[in-house]
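Following: one structure in structure tokens, then a few remarks.
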Amino acid sequence: MVTLSVPPASSGLEDEKARRQARLETLTAAFGDPFLVTRFAKTHSAAALKAQFVSLAAGDRTDTPVSVAGRIMALRNGGMFLDVLDDTDRVQVFHDLKNLSPERKAWLELLDLGDIVGVAGTVRRTPRGELTVDATEGQVLSKALEPPPSTFHGLKDTDTRFRRREQDLVANPRSRQTLRARFTMIATLRRTLESRDFLEVETPMLHTVAGGALARPFVTHHNALDMPLYLRVAPELHLKRLVIGGLAEKVFEINRCFRNEGLSPRHNPEFTSVEIYQAYADFRTMLDLTETLVYEAAMALHGTPRVTFDGDVLDFTPPWPRKSMTELIREHTGFDFAALPDADEARGAAASLGVHVDPSFDWGRTVEAVFAAKVEDRLIQPVHVVDLPKSLSPLAKAWPDRPEVAQRFETYINGWEIANAYSELNDPREQRARFEAQANERRGPDEPPHPVDESFLSALAFGMPPMAGLGIGIDRLAILLTDSTSIREVIAFPTLRPE
RNA sequence: GACUCCGUAGCUCAGUUGGUUAGAGCAUCUGACUUUUAAUCAGAGGGUCGUGGGUUCAAGUCCCACCGGGGUCACCA
């Protein structure tokens, strides 16, 4: 016979923790310390169990021995019914209180919501139709010393949800589903690229020069070398160097980039991108690849290329329309900037459209400003915006016969830039000229000048094959494919201020 | 960084033009009941109303500052 220490008549969170602690001590004394358990032989996940016995009729029982394990999400009728949650589903566990030994009854009374248990028993379906494990044995595999959030209402407070993501995941099936979808999407992108003979590589996160994108970097310091290091803003330059060296003609990297800029529902200081490079190809190859990657991801998550987002149905069926930036502006405003190649005229046209442009803006920046103000938001269905201004594309080849326009596209979905690709500039003389022009550009008062990456220029001088590059923002794609409202939903631990 | 909205029990939420001792459901504890489906029934405990100031006879409520969060904008290859 087990002796129980009577839990104190308690209240409040601190008392609740103390009560759980007391139950742990009683449990440890009577049944052993749950934290010494190292393994549990699980025969079925909740989902596998339900699948295997899908045709078992209500009221029928089997003598099939099974074992399940997971977190207790509900305790009904004094422990007669437990709901156990694992990473697939919930399954109900039954204890026949009338015929339970005093010892087992005592054990049952030591359980709390949130405890991790392993249970063995036989399978039946209750008269009400719920698949149930009739428990013959059970053990606590881990004691929850804090109560879980409401298992009915879930956890809604966004602050707590992201600070205590483990509680969010337990309490909110939607959160589990969203994050799983994100990671499945990444696995699908990887598989698609591997099946096309791209080699996954890694390049440094710590850069001595933060190049490859015009973004404000995070700065850190290396003690032994006594020098500043920058968290990378893009992997682009190192990836090209791998292709220059012939490591592989087709490479990709799926990894984090860091930008020390504002936060928003679509910006997190660290974010994940996939960057892809292919030698002997140009941006046109990447148009197709972008469509394939997104289409395959949508199919993997939804089984269809038509995906609901924020009430719209986004259709990812290839091919997607390809329209030049100036063409789109003409469609949406009536102004043809392609016919106004002079920067002054372009700024005048922008002003008459009510778009504020700085007098220092060249033709390209002016066109971009008009595009951002008048067109971007309306590009809901996938569209490739081609012929982007060269002045915005310092690493891209221009067209020989159209020097203001780069061999580049950005793919827009739901008004967001999702992909960016170009024919990579491989002329070291031209690249140096562009870097130096950039380094001399007037920037904001707090902005450091753009450093010139000499290592990269040397690599170009060594000879870079013609090459196409593509970058896709993983987080934004994940938002779209999971119908999420914020980037924070698709990042397991989004950046927050400390409490 | 600017503007704006929000912060009440472990969770989800009420709380009127400022007015007794701040409420409910779930969770917790006690008892009853026992094949439940948010089990039910009876009872109990649980609050620095984000923090600190101020106005007032009186502040969860009004004002100010700060902390944290959401949104919009700015920034953003």
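Just so it is clear, the model here is predicted, and its values are computed rather than measured. Note on naming: letters A, B, ... go to the chains in the order of the sequence lines (proteins, then strands), and numbering restarts at 1 for each one.
The CZ-P distance, from A:R164 to B:rG10, rounds to 14 Å in whole Å. Separating the CG atom of A:L13 from the C1' atom of B:rA9 is a distance of 10 Å, rounded to the nearest angstrom. Atom CE of A:M73 is separated from atom C1' of B:rC26 by 13 Å (rounded to the nearest Å). For the pair A:L82 CG and B:rA38 P, the interatomic distance rounds to 16 Å; values are reported in whole Å. In this structure, A:E489 atom CD and B:rG69 atom C1' are separated by 14 Å, rounded to whole Å. Counting to the nearest Å, the C1' atom of B:rU37 and the CG atom of A:L75 are 14 Å from each other. Distance A:F409 CZ to B:rA77 C1': 15 Å, rounded to the nearest Å. Taking atom CG of residue A:L145 and atom P of nucleotide B:rU28, one finds them 16 Å apart after rounding to whole Å.
Nearer to the 5' terminus of RNA chain B, by closest-nucleotide assignment, is the contact made by A:R61 (compared with the other of A:G212 and A:R61). Heavy-atom nearest nucleotides on RNA chain B were determined for A:F94 and for A:F152, and the one closer to the 5' end corresponds to A:F94.
Using a 4.0 Å heavy-atom distance criterion, A:Q92 is classed as a base contact. Note on A:R76: a base of the nucleic acid sits closer than 4.0 angstrom, heavy atoms only. Counting non-hydrogen atoms under 4.0 angstrom, A:L388 reaches nothing in the nucleic acid. Within the 4.0 angstrom heavy-atom criterion, only backbone atoms of the sugar-phosphate kind lie near A:G154; the bases stay farther away. Contact annotation for A:D159: backbone-only contact, meaning every heavy-atom pair under 4.0 Å involves sugar-phosphate atoms and none involves a base. Among the atoms of the strands shown, none is found under 4.0 Å from any heavy atom of A:D112. Among the protein residues, A:R163 comes within range of the sugar-phosphate backbone only, with heavy atoms under 4.0 Å from sugar or phosphate atoms but none that close to a base. Across all strands shown, A:K98 has heavy atoms under 4.0 Å from sugar-phosphate atoms exclusively, and none from any base.
The separation of B:rU8 from B:rA14, taken at their C1' atoms, amounts to 10 Å, rounded to a whole angstrom. Nucleotides B:rC29 and B:rC73 have their P atoms positioned 48 Å apart, rounded to a whole Å. For B:rA27 and B:rG47, the C1' atoms lie 16 Å apart once the distance is rounded to whole Å. Straight-line distance between the C1' atoms of B:rA24 and B:rC49: roughly 16 Å, to the nearest whole Å. Atom P of B:rG18 sits at a distance of 11 Å from the matching atom of B:rU61, rounded to the whole Å. Between B:rU37 and B:rG69, the two C1' atoms lie 35 Å apart (nearest whole Å). When the C1' atom is compared between B:rC3 and B:rC26, the two are found 38 Å apart, to the nearest whole Å. When the C1' atom is compared between B:rG60 and B:rU16, the two are found 13 Å apart, to the nearest whole Å.
The side-chain heavy atoms of A:K17 and A:E146, taken from C-beta on, include a pair separated by under 4.5 Å. Taking 4.5 Å as the limit, some side-chain heavy atom of A:R347 sits within range of a side-chain heavy atom of A:V357.
Of the candidates B:rU12, B:rA77, B:rU37, the closest approach to any side-chain atom of A:L155 belongs to B:rU12. Of the candidate nucleotides B:rC11, B:rU34, B:rU36, B:rU36 has the atom nearest to the side chain of A:E130. Listed nucleotides B:rU36, B:rU12, B:rU28 differ in distance to A:D157; the shortest reach to its side chain belongs to B:rU12. The side chain of A:L113 has B:rU28 as its nearest neighbour among B:rC76, B:rU28, B:rC11. Candidate nucleotides B:rG68, B:rU37, B:rC29 were compared by shortest atom distance to the side chain of A:R23, and B:rC29 ranks first.
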(request) Please step through ring-ring contact (aromatic ring centres under 6.0 Å, His included) for the pair A:F409 and A:H384, ending with a clear verdict. (result) CA-CA 6 Å; A:F409 70 90; A:H384 300 297; 5.1 Å; yes
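The backbone N or O of A:R216 lies less than 3.5 Å from a partner atom in the side chain of A:E261, making a donor-acceptor pair. Proximity of a side-chain donor or acceptor of A:R23 to a complementary backbone N or O of A:A18 within less than 3.5 Å is not detected. In terms of modelled atom types and a separation under 3.5 Å, the side chain of A:S486 and the main chain of A:R488 share a donor-acceptor contact. The backbone N or O of A:V233 sits less than 3.5 Å from a side-chain atom of A:R259, completing a donor-acceptor pair.
Using a 4.0 Å cut-off, no side-chain N or O of A:R216 falls inside it from OP1 or OP2 of B:rC76. When the side-chain nitrogen and oxygen atoms of A:R497 are compared with OP1 and OP2 of B:rG68, one or more of them lie within a distance under 4.0 Å. Taking only side-chain nitrogens and oxygens, A:R19 never comes nearer than 4.0 Å to OP1 or OP2 of B:rG45. Remark: A:R128 is in phosphate contact with B:rU37, judged by side-chain N or O atoms under 4.0 Å from OP1 or OP2.
One cannot find a donor-acceptor pair under 3.5 Å joining the base of B:rC26 and the side-chain atoms of A:H153. Remark: the A:N77 side chain and the B:rU36 base include no donor-acceptor N/O pair separated by less than 3.5 Å.
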What pairs of nitrogen or oxygen atoms, one from the protein and one from nucleotides 70-74 of chain B, lie under 3.5 Å apart?
from, atom 1, to, atom 2, distance (Å)
B:rG70, OP1, A:R488, NE, 2.8
B:rG70, OP1, A:R488, NH1, 3.4
B:rG70, OP1, A:R488, NH2, 3.4
B:rG71, OP2, A:R488, NH1, 3.4

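Across all non-hydrogen atoms, the minimal contact from A:E291 to A:W320 is OE2-N, 2.9 Å.
In the model, A:E275 has a side-chain atom that pairs as donor or acceptor with a side-chain atom of A:Y277 under 3.5 Å.
Taking the six-membered ring for Trp and the full ring otherwise, A:W416 and A:F309 have centroids separated by under 6.0 Å.
The base-pairing partner of B:rG68, taking Watson-Crick or G-U wobble contacts with both distances under 3.5 Å, is B:rC6. Within the shown strands, B:rA44 is the pairing partner of B:rU28 under the Watson-Crick or G-U definition, both distances less than 3.5 Å. Base pairing of B:rC62: its partner is B:rG54, meeting the Watson-Crick or G-U wobble criterion (both donor-acceptor distances under 3.5 Å).
A cation-pi arrangement is absent between A:R408 and A:F283 under the rule of less than 6.0 angstrom and at most 45 degrees off the ring axis.
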